[in-house]
Colleague: 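Below you will find the structure I want to go over with you.
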Amino acid sequence: MACLYKPYPSNTSSAVNLHSPKIGNPTPLGLSAFAMSVMISALYNLELFGAVQSNVMVSVSLFTGGVVQFASGMWEFKVGNTFGGTGFSAFGGFWLSYGTILYLFNTATNTDQYHSTMGVFCLTWLVFTFIFTLACIRTNLGVLSAFVFLTITFLGEVIFHFSGATIFIKLAGVFGLLTCSAVWYCLGAVLLTPDLSPISLPLYDLSVKDN
């Protein structure tokens with residue numbers, strides 16, 4: 001591999017980056033992977049279009065939600081975005097775990113154990129998502145809306161798995177669709193730049209401005 005960095009002459013201790021590679025914005029990739037995964041999961045929870053078999057959900061969870069989102073998270077760290085890097089990477093791990101659980105766990109043989117285990121799994125992610133919701137209060141309305149809706153989605157999943165009341169998995173499905181809608185909007189706002197499109201979407205900045 002060719003060296004991208006060359007030192008100054010030996011009479012100086014400084015270094016200069018002569019061939020700094022340009023790094024693209026990884027956020028649209030992470031947002032699109034997240035939106036697609038949540039949307040498909042929500043449609044499964046609502047059993048819309050007759051979607052009940054887990055085959056597609058497993059594949060989407062492992063690759064789109066897992067691999068793609070984790071990779072975008074690593075690139076967020078590369079460009080110095082700790083919030084995006086942590087969020088995308090962590091949720092990449094979530095989708096990889098979820099896909100693996102769906103693939104390996106035979107619910108037909110032990111339904112009670114499946115729901116108890118998934119309840120604990122979703123509870124830990126509810127805590128994580130709630131903390132992220134608090135952390136993005138001063139970002140923008142698009143991101144905050146997505147995390148508020150996602151928190152309620154996980155809450156519905158937790159109650160469903162521990163209580164068995166199907167109304168809560170339907171509630172999780174509805175708020176999952178609201179979550180992916182907010183994320184799709186954020187994707188549009190980030191991707192529709194003046195050099196690509198005459199259309200722009202506001203994100204409604206919530207940060208506190210210095211006087």
Colleague: side-chain hydrogen bond (donor to acceptor under 3.5 Å, both in side chains) with Q69: which residues, sequence neighbours excluded?
Modeller: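 Applying side-chain hydrogen bond (donor to acceptor under 3.5 Å, both in side chains) to Q69 gives none.
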Colleague: Quick one: side-chain contact (heavy atoms from CB on, under 4.5 Å) partners of W184, sequence neighbours excluded?
Modeller: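 If we apply the side-chain contact (heavy atoms from CB on, under 4.5 Å) test to W184, skipping adjacent residues, the hits are A35, M36, M39, C180, L187.
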Colleague: Which atom names give the shortest non-hydrogen contact between S163 and I159, and what distance separates them?
Modeller: OG-O, 2.5 Å
Colleague: Apply side-chain contact (heavy atoms from CB on, under 4.5 Å) to C186 and V143, showing your working.
Modeller: CA-CA 7 Å; C186 291; V143 173; 4.2 Å; yes
Colleague: For the OG atom of S59 and the CG atom of L102, what is their distance to the nearest 0.5 Å?
Modeller: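 Separation between the atoms: 10.5 Å.
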Colleague: Donor-acceptor pair, distance only, cut-off 3.5 Å: does the side chain of T153 make one with the backbone of G176?
Modeller: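 At least one qualifying donor-acceptor pair exists.
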Colleague: Can you name the side-chain hydrogen bond (donor to acceptor under 3.5 Å, both in side chains) partners of T133, sequence neighbours left out?
Modeller: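 Applying side-chain hydrogen bond (donor to acceptor under 3.5 Å, both in side chains) to T133 gives T151.
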Colleague: Which residues pass the side-chain contact (heavy atoms from CB on, under 4.5 Å) test with Y185, sequence neighbours left out?
Modeller: L201, P202, L203, Y204
Colleague: Working note: V148 + T179, criterion side-chain contact (heavy atoms from CB on, under 4.5 Å); need CA distance, chi angles, decisive distance, verdict.
Modeller: CA-CA 8 Å; V148 169; T179 301; over 6 Å; no
Colleague: How many angstroms lie between atom CG of L46 and atom NZ of K170, to the nearest 0.5 angstrom?
Modeller: 6.0 Å
Colleague: I need the L171 CG to L155 CG distance, nearest 0.5 Å.
Modeller: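 Between L171 CG and L155 CG, I get 8.0 Å after rounding to 0.5 Å.
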Colleague: Can you hop from I40 to Y98 via hydrophobic side chains spaced under 4.5 Å?
Modeller: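 Same cluster.
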Colleague: Please give me the minimum heavy-atom distance between G30 and S72, naming the atom from each residue.
Modeller: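 Closest heavy-atom pair between G30 and S72: CA-OG, 3.2 Å.
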Colleague: Does anything in residues 149-179 pair up under ring pair (Phe, Tyr, Trp, His ring centres under 6.0 Å), and if so which pairs, sequence neighbours excluded?
Modeller: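 Residue pairs passing ring pair (Phe, Tyr, Trp, His ring centres under 6.0 Å), neighbours aside: F94-F154, H115-F160, H115-H161.
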Colleague: Please report the shortest heavy-atom distance between S89 and F77, naming the atom on each side.
Modeller: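 Minimum heavy-atom separation between S89 and F77: OG-CE1, 3.8 Å.
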Colleague: Using distance only, find each side-chain donor-acceptor pair of residues 121-132 under 3.5 Å and give its atom names and separation, not counting sequence neighbours.
Modeller:
unit_1 : atom_1 : unit_2 : atom_2 : d
T124   : OG1    : F121   : O      : 2.6
T129   : OG1    : W125   : O      : 2.6

Colleague: Determine whether M74 and V79 fall in the same hydrophobic cluster, where Ile, Leu, Val, Met, Phe, Trp and Tyr are linked whenever their side-chain heavy atoms lie under 4.5 Å apart.
Modeller: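 Each belongs to a different hydrophobic cluster.
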Colleague: Quick one: do V158 and F147 end up in the same hydrophobic cluster if we chain Ile, Leu, Val, Met, Phe, Trp and Tyr together by side-chain heavy atoms under 4.5 Å apart?
Modeller: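 Per the 4.5 Å side-chain linkage, V158 and F147 are co-clustered.
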Colleague: Establish whether L150 and I152 are linked, either directly or via other cluster members, by ILVMFWY side-chain heavy-atom contacts under 4.5 Å.
Modeller: yes
Colleague: Evaluate M57 against W95 for side-chain contact (heavy atoms from CB on, under 4.5 Å), listing each step before the verdict.
Modeller: CA-CA 10 Å; M57 193 68 248; W95 288 110; 3.8 Å; yes
Colleague: Starting at CG of N45, measure out to CG of L177 and round the result to the nearest 0.5 Å.
Modeller: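 Reported value, rounded in 0.5 Å steps: 9.0 Å.
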Colleague: Grab the two heavy atoms, one from G142 and one from A182, that are nearest each other, plus how far apart they are.
Modeller: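 Minimum heavy-atom separation between G142 and A182: O-CB, 4.2 Å.
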Colleague: Once side-chain contact (heavy atoms from CB on, under 4.5 Å) is applied, do any residues pair with S116, and if so which ones, sequence neighbours excluded?
Modeller: none
Colleague: Name all residues meeting the side-chain hydrogen bond (donor to acceptor under 3.5 Å, both in side chains) criterion together with T117; count only those two or more places apart in sequence or in a different chain, and write none if there are none.
Modeller: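 Residues passing side-chain hydrogen bond (donor to acceptor under 3.5 Å, both in side chains) with T117: Q113.
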Colleague: What distance do C136 atom SG and L141 atom CG have between them, rounded to the nearest 0.5 Å?
Modeller: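 Spacing of SG (C136) from CG (L141) equals 10.0 Å.
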Colleague: Show the atom names and distances, to 0.1 Å, of all donor-acceptor pairs under 3.5 Å that link a side chain in residues 189-197 to residues at least two apart or in another chain.
Modeller:
unit_1 : atom_1 : unit_2 : atom_2 : d
T193   : OG1    : D195   : OD1    : 2.5
S197   : OG     : I199   : N      : 3.0

Colleague: List for me each residue that meets side-chain hydrogen bond (donor to acceptor under 3.5 Å, both in side chains) alongside N140, sequence neighbours excluded, and say none if there are none.
Modeller: none
Colleague: Would you compute the distance between atom CG of L144 and atom CG of L134 and round it to the nearest 0.5 angstrom?
Modeller: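 So the gap between those two atoms works out to 9.5 Å.
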Colleague: Suppose the criterion is side-chain hydrogen bond (donor to acceptor under 3.5 Å, both in side chains): which pairs have a residue in residues 25-42, not counting sequence neighbours?
Modeller: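 Found N25-T27, T27-E76.
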Colleague: Could you see if V56 belongs to whatever hydrophobic cluster contains V68? Use Ile, Leu, Val, Met, Phe, Trp, Tyr and a side-chain cutoff under 4.5 Å.
Modeller: no
Colleague: Could you please spell out the steps behind the side-chain contact (heavy atoms from CB on, under 4.5 Å) verdict for V38 and V183?
Modeller: CA-CA 9 Å; V38 173; V183 178; over 6 Å; no
Colleague: Taking the side chain as everything from C-beta on, heavy atoms only, tell me whether L62 gets closer than 4.5 Å to V67.
Modeller: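 SC-SC contact between L62 and V67 ruled out.
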Colleague: Enumerate the ring pair (Phe, Tyr, Trp, His ring centres under 6.0 Å) contacts for residues 23-63, please, sequence neighbours excluded, ordered by first and then second residue.
Modeller: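 Every pair satisfying ring pair (Phe, Tyr, Trp, His ring centres under 6.0 Å) with a residue in residues 23-63: F34-F91.
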